[in-house]
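Below is one structure, written out as structure tokens, with a few remarks after it.
Worth saying up front: this structure is predicted, and the values here are computed from it rather than measured. Residue numbers begin at 1 in each chain, while the letters A, B, ... track the order of the sequences.
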Number of protein chains: 2
Amino acid sequence: MPRKGEIKRQQIVSTANELFYQRGFHQTSLADIADACGIPKGNFYFYFKTRDDILNAVVDGREERLKARLEGWEKKYADPLHRLVRMSEIIVRDWAEIVRFGCPMGTLALELSKQDDEPRQHALGQFELIVAWAQAQFAALLGPRDALTLARQMLLRMQGAAVLANAFSDETWLFEEQRAIAAWLEAMVPDRTHKE
Amino acid sequence: MPRKGEIKRQQIVSTANELFYQRGFHQTSLADIADACGIPKGNFYFYFKTRDDILNAVVDGREERLKARLEGWEKKYADPLHRLVRMSEIIVRDWAEIVRFGCPMGTLALELSKQDDEPRQHALGQFELIVAWAQAQFAALLGPRDALTLARQMLLRMQGAAVLANAFSDETWLFEEQRAIAAWLEAMVPDRTHKE
DNA sequence: GTCTATAGACAGATAGAC
DNA sequence: GTCTATCTGTCTATAGAC
């Protein structure tokens with residue numbers, strides 16, 4: 001595939017990524033994407049076989065960026081505790097977007113959970129990445145015993161905060177819960193002091 | 001309106017309630033509802049002005065049942081701690097449905113959060129009821145100081161567990177989190193022992 | 001006749017697919 | 001840009017109760 005086509009393909013995926021997040025997958029038509037990136041709708045099927053294919057490409061992109069993010073935290077913070085606190089902070093750093101559109105992973109997973117099968121499993125990949133990463137941090141911090149349970153609990157609390165902040169259009173849910181999570185994390189290792 | 005019409009109206013609302021929960025609101029067409037309760041689609045507009053009207057009727061019904069549920073707990077359990085523990089148990093009692101279709105309130109709120117305005121606010125009513133009720137229980141237990149924050153946190157954790165159990169089709173999220181919530185609640189009042 | 005309720009055909013818009 | 005399917009919502013004809 002020549003360069004020009006690849007650029008346009010990336011442009012479609014990038015536009016679709018935003019629209020799927022902001023409006024939801026089912027509420028975003030091909031015409032919406034076409035209008036947003038200024039190409040005729042007929043051209044889609046040169047790049048993608050079906051609408052689900054676009055979704056898969058979008059999910060791939062998100063997964064890549066998530067991996068990069070997690071690796072970035074590992075490099076930046078040597079202490080697993082710091083890494084986990086940093087992870088909890090995404091709900092306050094991105095609070096405005098979460099209040100408006102919810103968590104990108106959560107809303108998509110919930111939307112797909114009621115029907116599709118193939119893209120559904122695919123979209124779960126991001127959650128699995130996060131759980132595995134958090135599990136590794138908890139294991140390094142406290143041993144492998146309860147690491148999975150703790151990792152799940154942390155993800156679950158962030159997810160719940162995102163859902164309710166979005167539903168109520170109220171960022172308080174995010175800020176209060178992030179503080180609670182940070183306190184919960186630091187109470188696990190009372191002999192350390194966390195410093196940004 | 002005479003009796004016969006009211007019965008059929010209720011039948012439509014009841015069928016729509018199930019379908020909206022199982023398939024989602026946007027993925028349930030009038031034809032779906034019509035097929036499910038065996039009436040022609042043209043007949044809908046004798047009972048409801050628009051599709052949103054059906055949703056409003058569904059939400060009204062859910063709100064009524066929720067109120068009855070909360071009042072039932074108040075009558076059955078005198079101790080606010082018991083009431084809260086009982087509330088946390090809905091995610092394990094209804095685990096099978098939650099795994100398949102998610103939390104009825106959460107999925108609907110999330111679906112509506114990306115667009116509609118009028119039914120959206122309406123659907124939030126159920127969350128507000130629960131938060132207010134839980135806040136009252138926490139206030140009775142520990143005083144009014146942190147009651148709202150604690151009520152939000154509890155709802156948030158249940159919601160997060162529901163989202164992830166649904167996304168992963170894995171009830172473990174629900175069972176583990178319910179135990180964690182119960183332990184968290186009982187740790188707040190260490191001088192009491194909870195007994196079912 | 002009139003009110004309640006039923007029945008289905010039909011219009012206009014929009015979707016995905018090619 | 002065209003094709004087909006489907007969606008919401010409308011329109012009219014009709015059946016029975018009082």
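A/I39 places its CD1 atom 14 Å from the P atom of D/dG1, with the value rounded to the nearest Å. In this structure, A/Y45 places its OH atom 8 Å from C1' of C/dC18, rounding to the nearest Å. Between B/Y47 atom OH and C/dC3 atom C1' the separation is 14 Å, expressed in whole Å. In this structure, the NE2 atom of A/H26 is 16 Å from the C1' atom of D/dC7, given to the nearest Å. With rounding to whole Å, B/D53 atom CG is found 12 Å from D/dG9 atom C1'. Rounded to whole angstrom, the span from the CG atom of B/L30 across to the P atom of C/dG12 amounts to 19 Å. Taking atom CZ of residue A/F46 and atom P of nucleotide C/dA17, one finds them 18 Å apart after rounding to whole Å. What separates CG of B/N43 from C1' of D/dG9 is a distance of 14 Å, to the nearest Å.
Relative to the side chain of A/R51, the nucleotides C/dG16, C/dA5, D/dT8 differ in distance, and C/dG16 lies closest. Picking from C/dA15, D/dT8, C/dA17 the nucleotide with the shortest atom distance to the side chain of A/A31 gives C/dA15. When each of D/dG9, C/dA15, C/dG8 is scored by its nearest atom to the side-chain atoms of B/P40, the top-ranked nucleotide is C/dG8.
The aromatic rings of B/F25 and B/F20 sit perpendicular to each other, their planes meeting at more than 60°, with 30° as the lower class boundary.
Counting heavy-atom neighbours within 6.0 Å of B/R179 CZ, excluding the residue itself, gives a total of 12 or less.
Each of A/D32 and A/K49 lies near DNA chain C, and the nucleotide nearest A/D32 is the one positioned closer to the 5' end.
Side-chain contact, A/D170 with A/T172: a donor N or O sits under 3.5 Å from an acceptor N or O. At a cut-off of 3.5 Å, with distance as the only test, a side-chain donor of B/E118 or B/N56 sits close to an acceptor on the other residue.
The side chain of B/T50 contributes an N or O atom lying less than 4.0 Å from OP1 or OP2 of D/dG9. Listed pair B/S29 / D/dT6 fails the phosphate criterion, with no side-chain N or O lying under 4.0 Å from OP1 or OP2. In terms of phosphate contacts, A/K41 brings no side-chain nitrogen or oxygen within less than 4.0 Å of OP1 or OP2 of C/dA15.
The closest side-chain heavy-atom distance from A/L185 to A/M154 is below 4.5 Å.
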